[in-house]
Q: 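My questions will all concern the structure given below.
Worth saying up front: this structure is predicted, and the values here are computed from it rather than measured. Hydrogens, waters and symmetry mates are skipped; everything else that's a heavy atom, side chains included, is used.
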Amino acid sequence: MTAAPSKATTRTYGVYRPVLPVTSPGNPHRMVYTGDADGRCEIFAWDRSSGVERQLTDRPHGTLLCAIDDDEAVWWFDEDLGGSGAWRTRHFDGGPDRPALDGVPYGRPAGLALAAGGTVAVGIRTPEGLGVHMGRRGGTGTCVLHTTGSGTLCDLAPGGGLLAVSGPAHSAHAVTLLTPDGTTVAVLSGIRERTWALGFAPTPAPTPSRGPEPTPGRTLLLVMRERAGRYHLGTWAPGRGLELLPWCSFDTETTARWYPGEGGTRVLVRQDRHGRSRLFTADLDRRELTPVPTPEGSILDASPAADGDVHFIWTDAVNVPRALSLSGAPLPGQSQWRLPRFGHRQDLWTPGPEGPVHTFVTTPADRPAPHPLVFLVHGGPADHDRDAYDPMVQTLVGSGYAVARVNYRGSTGYGPRWRSAYSEGVGHTQVADLVRARAELLERGIGREGAVGLCGTSWGGYLTLLAMGTRPDLWNVGVAVKPLADCVTAFRHSTPALQALDTALFGGTPDQVPDAYAHASPSSYAAAIRSPLLIVAARRDAKCPPEQVEAYLAVLRAGGVAHELMWLDSGHDGYDGADHLAVIRRSLRFLGRGLPSAPVPAEPSPHPERG
C-alpha cells in the first residue's frame, strides 16, 4: 500500500495549521503527524487505542515531512536550512533512527511512495535534475529514472511493479509510467489538455470476468484531466489507457484520493470553489457522485480512512483550523491556543473584463468606516484566499484596519479560464484586479483614500512590488516577504521546476522572450516607488533566490528609493516559529507607521494564552 507524506503549512503566532495524521496501513490505530513543538514543526506519533502521544523528532529548525509504512516504520525528511537532506526512519515504538535508503544523493524531496513489504521509491531533486530511486527500507536504492527536466514522483503501485512520475501538467510528459527496471510503459501528454496523476489504487481493482475463474486484479491510476473548461476525473490502467468519467467532472479545481482497501471502487473528491470547499464520494462501479456533508467553509485537506470514515481539516473565517472526522472520532494535533476573533466578513464581487473578481473583506466591528485598508495578497499564483481563519487578518482587524484578500485572475478555485487569464500580461493582469478591488472598496466607503497598503509573500510579494512600481500613486505602504523581484535573475538561479513554470508562463526563456520578462519584472519599475517599502528576503531561498532580490535592491539604491530590508537565514518555507513571528512583528510595525491615522499594532505575544 502506498502512503503520501504529511506536510505542514503556514505557521503564525505559535499556531500551526493542523495537518491530517497519516495512518499505518498495517495498524489503523497508529498515526503520525506534523505538529507544534514549542514553536517548531516536529513529527509526533499517536496511538489511538491507548491515547499515547509522543514527539519523535527534535531538530533545531524543525521537521516537516513524514510518513508511516505497513511495518509501522516512521519516515521523516532530515533536511538542512536550505531544504536539502535525506529520508530517515525509526519504528513507531521507538529505537534508533537509521538512513531510510542508502545510495540516494543528498537533495530536495521530490516524492515518497511506500509499498507492502518495505519496498520504497524516493524522488530526490539535485542540481543535476530529478532522480527516482527504488529499494527496500534500510537497504541500498537503485536509480530507475534520471531526468534533467522538472518532475515529481507521484506514486508506486501495490506490489511495487509500476511507478508514476508527474511532470508539468501542461507538458508532453505530464505523467510517465515506468517499471522498476526503468522501462517506460506509457506517457500521458498534457499539451492539449492539462493532466495530473493522483495516485494508484491501494489494492488491485477487480477485473470483470464471465469465465469460471476469477481474473487477476488490474492496476488503476487515478488521473485528473482538464477538458472543455472542466476538470474530469479518470483512471488509467495498463493495456487500457486513460478513461475519463463523464459523470464525474467539475467546473473548478478538484483533487481526489482512493478509499483504502476497496479495490479501486470508491474515491473521495475535494473541490475548491469560490474560496470554499466541498467533499464528494465517487462510486466508480455505480457511477454515482454523492455529496459528503461538511460545515460551510474551507477544507484544507481530506483523507478517507480504512474503516470508511473521512478525516478532514476544516476552518472558516472565525474558527481556527482543526482536524475532524465524519464519525466524530478524535484525531491528534488539535490546537490549544485561544486566538482572537474580530470583525465582520463579507464577499465582494467587482466587475472585470473576464468576469467578477472575488474579494474577502474583513472590517473592524467596533470602529466606523472608512478604515485604513490593507490588501493581503496571496501567493501562487496557482492558489487562492479562502473562507478560513487567518491570524494576520484577525490581528490587523483588531488593530483597526480593514483587510481585503483578492482572488485575482490566475487564482485557483474559479475554473480553468480564470486560472489562465493573463490578458494584460503576467503580473499586470493581477495588479489590475487589485486596482479594481481598491476602487470599489473606496467607493463603498470601506477603505480610506491615502491609507491603503499592500502586504504579500512569495508571488504575493511579487505583486506587491509590481503594484508599488507601476501604480505608485495608489499605495501608501508595502511589505514584500520573500518576493520574486527580478524575473530574469530569478530564472537564472532557479530550480528546473520553476524554470519550466516560467517558460510556460512567459512563452519562453529570458533569452527567447526578453521583453516579456522585462515587462513583468518589478525591477523594471522599482525606481518609480514613492511610498515606504519593507522587503523581507531569505538567504537560502530556492524559489525566490537571494541573487534576484539583490538585483532589485540595486535598482532601488540607484534610484534613491527609501526602503527597509530584513534578511532571514532560512529557505522559502521556514519551519521555525521564531522567524515567522519576527517577520509578523516587523510587518505590523511597518504597516502601522505607513498608514496615516492607523494605530500602530501592539506586538503579538509569542506565547498566547492557552485554552
Side-chain angles (χ1 to χ4, degrees), residues 1-4 111 113-115 121 123 130 132 134 144-145 147 149 151-209 215-228 230-250 253-270 280-287 289 304 416:
M1 182 176 289
T2 58
L114 310 173
L130 169 71
V132 176
M134 280 194 68
V144 299
L145 174 69
T147 175
T152 303
L153 170 66
C154 172
D155 206 354
L156 177 63
L162 199 60
L163 290 152
V165 176
S166 297
H170 60 272
S171 70
H173 293 80
V175 182
T176 300
L177 288 304
L178 64 154
T179 58
D181 64 2
T183 302
T184 298
V185 174
V187 176
L188 306 183
S189 174
I191 290 179
R192 292 188 176 181
E193 299 174 321
R194 298 198 314 154
T195 303
W196 300 263
L198 300 176
F200 287 105
T203 55
T207 301
S209 174
T215 303
R218 66 185 186 274
T219 298
L220 276 184
L221 176 70
L222 199 62
V223 174
M224 189 71 69
R225 172 162 279 184
E226 182 184 310
R227 174 176 289 180
R230 297 182 66 84
Y231 297 90
H232 295 258
L233 196 66
T235 60
W236 176 92
R240 192 194 67 185
L242 176 61
E243 294 183 5
L244 297 183
L245 309 177
W247 54 271
C248 195
S249 71
F250 304 85
E253 284 78 0
T254 305
T255 189
R257 287 182 175 177
W258 295 102
Y259 274 82
E262 297 195 14
T265 60
R266 282 207 306 162
V267 172
L268 180 69
V269 178
R270 174 167 58 96
F280 304 86
T281 295
D283 189 312
L284 273 59
D285 285 345
R286 297 181 178 181
R287 300 187 177 186
L289 190 66

Q: Are Arg240 and Thr235 linked by a side-chain donor-acceptor pair shorter than 3.5 Å?
A: yes
Q: Taking all heavy atoms of Asp283 and all of Asp285, pick out the closest pair and write down the distance.
A: OD1-N, 3.1 Å
Q: For a 4.5 angstrom cut-off between non-hydrogen side-chain atoms, does Leu289 reach Phe250?
A: yes
Q: Determine the minimum heavy-atom distance between Pro304 and Pro260, stating which atoms define it.
A: O-CD, 3.8 Å
Q: Go through the steps to decide whether Val223 and Val175 satisfy the test side chain to side chain contact (heavy atoms under 4.5 Å, CB included), and finish with yes or no.
A: CA-CA 9 Å; Val223 174; Val175 182; 5.6 Å; no
Q: Can you name the nearest heavy-atom pair linking Gly234 to Leu242, along with the distance?
A: C-CD1, 4.4 Å
Q: Could you go through Leu145 and Leu163, starting from their C-alpha distance and side-chain angles, then the distance that decides it, and tell me whether this counts as side chain to side chain contact (heavy atoms under 4.5 Å, CB included)?
A: CA-CA 10 Å; Leu145 174 69; Leu163 290 152; over 6 Å; no
Q: How long is the gap from CG on Leu233 to CH2 on Trp196, to the nearest 0.5 Å?
A: 12.0 Å
Q: Go through Val185 and Leu178 one step at a time and tell me if the side chain to side chain contact (heavy atoms under 4.5 Å, CB included) criterion holds.
A: CA-CA 5 Å; Val185 174; Leu178 64 154; 5.6 Å; no
Q: Could you tell me the separation between the CZ atom of Arg194 and the OG atom of Ser189, rounded to the nearest 0.5 Å?
A: 13.0 Å
Q: Suppose we screen for side-chain hydrogen bond (donor to acceptor under 3.5 Å, both in side chains). Which residues come up paired with Arg225, at least two apart in sequence or across chains?
A: Thr195
Q: Nearest 0.5 Å, please: how far is CG in Leu222 from CH2 in Trp236?
A: 13.5 Å
Q: Where is the tightest heavy-atom contact between Pro416 and Arg230, given as atom of each residue plus distance?
A: CG-N, 4.1 Å
Q: I'd like to know whether NE2 of His173 has more than 12 heavy-atom contacts from other residues, nucleotides or ligands below 6.0 angstrom.
A: no
Q: So which heavy atom on Val269 is nearest to which on Ala256, and how close?
A: CG2-CB, 4.1 Å
Q: Nearest 0.5 Å, please: how far is OG1 in Thr281 from OH in Tyr259?
A: 3.0 Å
Q: Is it the case that the side chain of Asp155 and the backbone of Phe200 share a donor-acceptor pair, with hydrogens and angles ignored and the cut-off at 3.5 Å?
A: yes
Q: Return the CE to OG distance between Met224 and Ser249, rounded to the nearest 0.5 Å.
A: 9.5 Å
Q: Quick check: closest heavy atoms across Pro202 and Pro158, and the distance to 0.1 Å?
A: O-CG, 3.2 Å
Q: After noting the C-alpha distance and the side-chain angles of Leu220 and Trp258, does the key distance pass the side chain to side chain contact (heavy atoms under 4.5 Å, CB included) rule?
A: CA-CA 10 Å; Leu220 276 184; Trp258 295 102; 4.0 Å; yes
Q: What's the spacing between His170 NE2 and Ile191 CD1 if we round to 0.5 Å?
A: 9.0 Å
Q: Check whether any side-chain heavy atom of Thr152 sits under 4.5 Å from a side-chain heavy atom of Leu130, and report yes or no.
A: no
